Number of protein chains: 2
Amino acid sequence: MQHATSSRDTKAEIHRAAVDLFSTQGYDKTSLREIAEQVGITKASLYYHYSSKQQLLRAVVGTFLDDLFEVLRLTETMEWSSENEREALGAYVDVVIAHRATGPTLLRDIAAVLAAFGDDLDELIARSRRFQLWLAGPDPTAADRLRAAAAVETIGAAMSAELDLSVSEAEIRAVLLDAATAVLARRGTPVGE
Amino acid sequence: MQHATSSRDTKAEIHRAAVDLFSTQGYDKTSLREIAEQVGITKASLYYHYSSKQQLLRAVVGTFLDDLFEVLRLTETMEWSSENEREALGAYVDVVIAHRATGPTLLRDIAAVLAAFGDDLDELIARSRRFQLWLAGPDPTAADRLRAAAAVETIGAAMSAELDLSVSEAEIRAVLLDAATAVLARRGTPVGE
DNA sequence: GTCTATACCGAGATAGAC
DNA sequence: GTCTATCTCGGTATAGAC
C-alpha cells in the first residue's frame with residue numbers, strides 16, 4: 001500500500017511547504033517550482049494534488065476564514081444587548097487569537113486571498129458588514145457605525161502587534177476586549193469639540 | 001512644443017491610469033499592457049517614463065508614505081504628555097484621512113508595497129514602532145503597548161470603513177480621535193475580566 | 001526626447017507518455 | 001502519481017525609428 005500512503009503524505013507535505021514558504025516569503029514571491037523543489041517532486045506533479053496555486057492558498061488560510069464565518073453567523077441569531085455584545089466580541093477575539101500565527105500571511109496577502117476565494121468571500125464580507133452594523137447598536141448614527149468599525153479594527157491588533165512579548169493569550173484577550181468595549185462606549189456621544 | 005507637453009501629459013496619464021486600475025483591480029492583477037492600452041501607447045513605452053512596475057507603484061503610494069513618515073518624525077522630538085499625545089494623534093488621523101482614497105490600494109497590496117519600497121520602508125516601520133511605544137506612555141506594561149497598538153489600529157478604520165455615508169471629514173476626525181483616546185485611557189488599568 | 005518592434009526569461013498551467 | 005514537453009502571458013530589456 002505504498003501508493004495510498006505516499007499520496008496522502010505528498011499532499012500533506014505540499015501543504016506544509018506552502019504554509020512555511022507563504023508565511024516567510026509571501027504568496028507572490030513563492031513559486032510553485034520552489035514548493036515542488038522543497039517537497040522533492042516536479043512542478044507539474046503539484047497539479048495532481050492541487051488544481052492551481054490559488055487552491056493551495058485556499059487550503060492554507062481556509063480554516064481561519066471558516067472559523068470567522070462561524071462566529072459571524074452565530075451573532076446573526078442574537079438580539080442586540082450589552083451582554084450579547086460582550087459575548088460576540090469575545091468569540092471574535094478568540095478566533096483572531098487562535099489563528100494569529102497564520103494571521104500575518106492573511107494580512108499581508110489579502111489581495112491574493114481575495115482573488116483566491118472570489119465570490120465565496122462575498123458572503124463573509126457581507127456578514128462582516130452586518131456584524132459591524134449590529135455592533136453599532138440600535139438606531140445608530142453614522143458616527144456610531146464608524147465607532148463600530150474602529151472597535152473591530154482594535155481587535156485586529158492581536159495580529160499586527162509584536163506578540164513575542166510576555167503576554168499570555170488570556171491577557172491579550174482581556175486587553176483587546178476591554179479596548180473594543182471602550183470604543184463602543186462612546187456611542188451616542190455627540191460629535192464635536 | 002508638442003514634445004515637451006506631450007511628454008508631461010503621457011507621464012501624468014500613465015500615473016492616472018495606474019491609480020485608477022490599481023485601486024479597482026489591485027496591483028498584481030493589473031498588467032502593464034493593460035495600463036499602456038488605456039493610455040494609448042505601447043507596453044514598452046511605459047518603460048521610458050517608469051523604469052519598472054514597482055517604480056510606478058512607488059509613484060502612486062509614495063506621497064502617502066512620505067506624509068506618514070513626516071508625522072512620525074515629528075513626534076520623535078516631543079516629550080510625552082497628554083497634550084502632545086492629542087496633537088500627535090490628530091496629525092496622524094489627518095494624514096490617514098487626507099489619503100484615504102489611495103488607502104485601500106495600500107491596504108490591499110501591502111505585499112507589493114513592501115516589495116517595492118524594500119529597505120526604504122524599514123525606517124518607516126521602525127518609526128511606527130517607536131510611535132506606538134511613545135503612545136504607550138511612560139513606563140508602559142506589555143498590556144499598555146498592546147493598547148497603544150489597538151489605538152493606532154482604530155484610526156485605520158478611516159480607510160476600511162465605507163465612507164460613502166454622510167460623514168464629514170471633520171466628523172471622522174473627531175470620532176476616531178475620540179476612539180483612540182478612549183482606548184489609551186485604559187492604560188494602567190489592571191488586566192482583569 | 002519620445003516611442004515602437006522585438007526578443008528574453010520565468011511564471012502558472014495543460015497534455016499526454018510512462 | 002509522476003514525469004517531460006509545451007503553451008501562454010507577465011515583466012523586463014534593448015536597439016533603433018522618428
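Everything quoted here is computed from the prediction, not taken from an experiment.
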Check whether Y47(A) forms a cation-pi arrangement with K53(A) (NZ or CZ under 6.0 Å from the six-membered ring centre, at most 45° off the ring normal).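 So K53(A) doesn't make the cation-pi contact.
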
Taking transitive links into account, so neighbours of neighbours count too, which hydrophobic residues share a cluster with V183(B) at under 4.5 Å side-chain distance?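 Listed partners: V183(A).
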
Has H15(B) got a side-chain atom pairing as donor or acceptor with A59(B)'s backbone, closer than 3.5 angstrom? yes

Minimum-distance nucleotide to T42(A) side chain [options: dT4(C), dG1(D), dC3(D)]: dC3(D)

Given atom OH of Y48(B) and atom C1' of dT14(D), what is their separation to the nearest angstrom? 15 Å

Nucleotide dT4(D), atom P - distance to CD1 of I41(A) in whole Å: 12 Å

With a 4.0 Å heavy-atom cut-off, tell me which residues in residues 105-113 of chain B come close to DNA chain C, sorted by residue number.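 Contacting residues: none.
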
State which residues pass salt bridge (Lys or Arg N to Asp or Glu O under 4.0 Å) with E13(B); sequence neighbours excluded, sorted by chain then number.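 None.
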
Assign a letter to each nucleotide of nucleotides 11-18 of chain C from its 5' end: B, base within under 4.0 Å of a protein heavy atom; S, sugar-phosphate only; -, no contact. SBBB----

Can you sort out which residues in residues 13-22 of chain A have a heavy atom within less than 4.0 Å of DNA chain D? Ascending by number, please. none

Please tell me whether T30(B) and Q25(B) have a donor and an acceptor in their side chains that are separated by less than 3.5 angstrom.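 On atom types as modelled, these side chains qualify, holding a pair under 3.5 Å.
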
If we ignore angles and hydrogens, is there a donor and acceptor under 3.5 Å between the side chains of T105(B) and S23(B)? no

Please confirm whether the shortest side-chain N or O distance from H49(B) to OP1 or OP2 of dC3(C) is below 4.0 Å.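 For H49(B), the contact criterion (side-chain N or O under 4.0 Å from OP1 or OP2 of dC3(C)) is met.
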
Taking 4.0 Å as the cut-off, does a side-chain nitrogen or oxygen of S45(B) come that near to OP1 or OP2 on dT4(C)?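 For S45(B), the contact criterion (side-chain N or O under 4.0 Å from OP1 or OP2 of dT4(C)) is met.
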
Does one hydrophobic cluster hold both Y27(A) and L114(A), with members joined at side-chain heavy-atom distances below 4.5 Å?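 Result: yes, single cluster for both.
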
When the side chains of residues 91-99 of chain B are checked against the rest of the protein, which donor-acceptor pairs come out under 3.5 Å, sequence neighbours left out?
residue : atom : partner : partner atom : Å
D94(B)  : OD1  : R173(B) : NH1          : 2.7
D94(B)  : OD2  : R173(B) : NH1          : 2.8
H99(B)  : NE2  : D67(B)  : OD2          : 2.7

